[in-house]
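These notes concern the structure reproduced below.
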Amino acid sequence: MSRVGLTLLAVLLLLTVVAGAAAQGAGAAEVAGADQKILAFAALPEFKVPVGEIIYDRYCTFCHGDEGGGDGLNGFALTPGPADLRQVLARRSAREVADIIELGGVAVGKGQGMPSFRATIPAGKLALLQRYLREKIAAQK
Amino acid sequence: MANLRRYFFVFSILLALVSLVIIFQESSSAWKPYQLAYQAFLAQSARTPAEQAIAGKFVVGVRQDWLPPLNRADRCRSCHIGVDDPKAPAIPPIAAHPDLDQHPPRQFGCTICHGGEGYATRLPDAHQKIVPVRALEGSCAKCHQYGDLVAEAPTAGAGNKLIARYSCNGCHQFSDRGPKADSGPDLSGIGAKVSARWLAKWLLQPRDYLVQARMPDFLLTDPEILALTDFLVGKDATFRPNAAFFSDSAKGEEMLARLDDDGLDELVDQGKIIFGRLRCLTCHKLHGKGGDLAPELNRIALKSNRQWLGGWLQEPPRYDPQTIMPTFTLTRAERLAVVEYLWWESEVGDEGEVAELQGAQAKDGGAGPEKLEGRKLFVEKGCYNCHGLPGLEVKNDFAPSLADFGDKKISKIDFRKSGIPHTAQDYVAAKLQAPRLFGDNLKMPLFKLAPAEVGQIATVILGQSSKIPDALKRKNPAESLPLPLGEVGRLFAGYKCFSCHRIGANGGSLAPDLTMEGSKVKKEWLIAYLQKPSAIRPFLVERMPRFNMSPAEAELLADYIGMVLRSAKIDGTTPVMGEDPGAGRQLYFDKYQCQNCHTIGKEGGYFGPVLEAVGARLQPQWLWLRLENAHGLEPDSREPVLAISQPDRGLLLAFLQSLVGEKE
């Protein structure tokens with residue numbers, strides 16, 4: 001091939017590569033161009049429903065309340081009333097909390113009001129419940 | 001000639017250099033340093049001779065998990081070497097993976113849940129199209145039925161609820177659920193139900209009428225709205241129910257005309273009582289209180305007319321054969337009372353933009369430069385995918401199938417000039433937030449979803465895949481029992497039991513599962529309950545409506561349930577009843593403190609069912625099994641599983657069976 005031909009070929013190849021690189025759009029975290037800003041997936045707020053929340057809603061809300069304040073709908077039927085979980089989580093160690101859920105209130109010298117959940121909630125889920133308690137309930141002020 | 005040799009020599013050297021570079025690149029594996037680090041960790045932390053042997057036998061090399069059912073191999077463990085060692089140091093990528101008991105990587109591989117390129121052994125190839133961690137629960141649906149994992153995959157469960165609510169599977173196909181048959185009401189009789197004014201306003205913005213409207217905003221222009229309104233309810237439109245629907249209206253109007261003001265007030269009061277007795281709020285909402293199965297009734301006077309409502313209440317399937325509303329047995333006077341009550345409660349509203357629309361129509365004589373044809377719009381915009389019309393059946397094939405979205409190559413997704421990052425999850429998120437972003441002539445309407453809802457729906461869509469062979473899928477254990485036929489079938493169809501109850505694999509989940517009801521409850525109690533339902537669980541908002549069933553109907557249903565809906569397990573149980581109900585009472589109150597959650601008489605908690613008449617309601621065999629394991633027969637029960645010894649169970653059973661309530 002002639003020198004001119006080779007040079008032309010090289011330039012053509014170079015242009016192809018450059019064009020290909022330019023065609024990749026730059027990613028943006030938020031995109032304008034619609035009525036409201038469109039959020040990228042990574043920018044979506046927390047949407048995961050924690051498994052611990054499902055368990056808490058099923059077994060615990062009724063006595064301990066939606067926010068764990070001990071003000072659940074069934075609280076009136078119990079003497080002493082259900083515990084304010086925010087205080088329990090602040091006062092007691094993680095091991096004690098695990099024992100209370102697994103073995104009931106009798107594990108820490110309290111009464112029968114809090115039953116044992118060991119046979120009800122499988123071990124793996126107990127850990128998720130505890131995580132939910134730490135993250136959502138204890139985190140409230 | 002010499003030039004040629006020179007070129008040849010230069011190119012040969014270049015080729016050799018390039019080859020060396022490639023060989024060097026390919027031979028330095030990305031995974032080696034990780035495996036060496038893990039090996040060092042094993043050697044260091046080995047205490048027992050067994051552990052030392054394991055450390056000694058560790059081979060540095062590619063790890064491949066061959067998955068015969070899927071006909072592929074995953075090499076992820078080459079870098080993620082510590083994934084199934086709970087003691088691995090918590091340093092990615094060699095850290096351990098939590099919760100692997102059900103799905104060990106050597107059997108399942110990793111890509112079945114996480115996506116990515118299983119055969120690759122270096123980044124970035126290995127992590128192409130990897131599912132974002134937040135959306136991981138969507139992958140469960142590849143093998144599991146989506147209804148079975150609500151507790152284990154609650155994010156996907158929330159997404160599925162939204163998909164059912166907004167009827168995405170009305171237009172799109174999914175891999176794990178069929179098309180939605182009854183997304184929107186049948187419009188064959190719409191001309192008699194709504195006014196043109198209401199319909200135009202509704203098409204403009206559904207949420208202005210009904211805050212929890214499921215119908216999205218189709219971004220229709222004014223001429224389009226006018227054309228559609230004209231097509232559906234205009235003076236030439238033919239969508240009206242047949243004459244039988246209004247057969248009662250004339251007599252009803254006569255009755256109303258004979259009432260004076262006091263009479264009308266009394267009628268409204270009566271209507272309120274009947275409304276409460278029927279328990280309409282189990283499904284409908286009124287002033288924010290009530291259930292979610294049916295439309296809110298606050299503004300019914302704005303939407304419809306009394307004659308239509310009277311005809312509807314008489315027998316709903318005459319107007320809409322797909323409706324889930326049961327047929328209540330009411331006299332004409334009772335129907336009139338309910339209608340008057342609802343009209344009294346309803347808002348009456350103002351004119352608003354729609355008057356403008358109507359005015360515009362009158363000015364132009366109903367046409368712009370091009371007369372838009374309503375029927376054509378009805379098809380083009382996709383209305384027929386949710387709403388039925390005579391001659392236009394619901395088709396569910398309007399939009400691209402989502403059944404394989406999880407497997408789709410990124411190169412096949414058209415991002416146009418949207419400027420969003422080129423990943424599947426960003427495409428889905430953007431499409432859900434702004435459907436018309438990717439082109440002006442697209443047809444997907446605008447669902448005003450909250451950002452969290454977008455994430456939950458995206459979770460489900462990203463996991464859609466039909467590549468998994470049927471042999472691997474977990475089947476729903478609920479048997480499909482045959483639907484009742486004949487007289488019983490007519491009762492089931494009339495009262496729409498399946499709208500709320502489940503039997504086998506059919507039915508809804510609002511009310512208890514009746515699959516084993518015949519073995520669970522006593523027949524005499526059931527006959528009385530069907531005619532006059534009482535509150536079994538005090539804290540529930542949703543209650544069984546009172547259908548005004550005749551005793552003969554109640555007995556027929558109870559017979560069917562008692563004979564057909566039985567469980568071999570319950571029937572085959574022999575309870576060992578204790579001798580002393582008094583001792584049982586003591587156990588109830590002192591040892592197990594059941595009164596914390598259950599009520600007898602006036603005292604006790606509200607969490608569980610009232611036990612005052614439990615001996616008349618429940619069969620002893622069922623109670624015996626229940627006391628043994630609260631979750632044995634009903635895994636979703638909220639009662640904790642208590643360890644009750646056999647003798648205690650017998651005494652408790654004796655006590656509970658002695659509680660028969662007051663004889664009426």
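A note on names: the letters A, B, ... follow the listed sequences, proteins ahead of strands, and every chain is numbered from 1. The figures here come from the full heavy-atom set of this structure, side chains too, leaving out hydrogens, waters and symmetry mates. Computed from a prediction, not measured in an experiment: that's the story for all the values here.
For the atom pair CG of L162(B) and CZ of F447(B), the computed distance is 11.0 Å after rounding to the nearest 0.5 Å.
Aromatic ring orientation, Y56(A) versus Y132(A): tilted (interplanar angle from 30° to 60°).
For chain A, no part of P435(B) is nearby; none of its heavy atoms comes within less than 4.5 Å. At a 4.5 Å heavy-atom cutoff, the contact between T459(B) and chain A is made by side-chain atoms alone. Q425(B) touches chain A through backbone and side chain together, each having a heavy atom under 4.5 Å away. Contact annotation for L73(A): neither backbone nor side-chain heavy atoms come within less than 4.5 Å of a heavy atom of chain B. For a residue to count as touching a neighbouring chain, one of its non-hydrogen atoms must lie under 4.5 Å from one of that chain's; by this rule A42(A) touches chain B with the backbone only. Heavy-atom distances place the side chain of A458(B), and not its backbone, under 4.5 Å from chain A. With a threshold of 4.5 angstrom between heavy atoms, P451(B) approaches chain A through its backbone and through its side chain.
Looking at R58(A) and D636(B), a side-chain N of the basic residue comes within less than 4.0 Å of a carboxylate O on the acidic one, giving a salt bridge. Taking a cutoff of 4.0 Å between a charged side-chain nitrogen and a carboxylate oxygen, R95(A) and E102(A) qualify as a salt bridge. In this structure, R86(A) does not pair ionically with E67(A), as no charged nitrogen and carboxylate oxygen lie closer than 4.0 Å.
No other option in T79(A), L44(A), I54(A) has as many heavy-atom pairs under 4.5 Å with chain B as L44(A). Between chain A and the options E137(B), E603(B), E152(B), the largest number of non-hydrogen pairs under 4.5 Å is found for E152(B). For the set A452(B), A630(B), G455(B), the count of heavy-atom pairs under 4.5 angstrom toward chain A peaks at G455(B).
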task: Start with the C-alpha distance between F117(A) and L103(A), add both sets of side-chain angles, then the distance that settles side-chain contact (heavy atoms from CB on, under 4.5 Å), and finish with yes or no.
output: CA-CA 7 Å; F117(A) 281 91; L103(A) 304 168; over 6 Å; no
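A cation-pi contact, defined as under 6.0 Å to the ring centre and within 45° of the axis, links R134(B) to F41(A).
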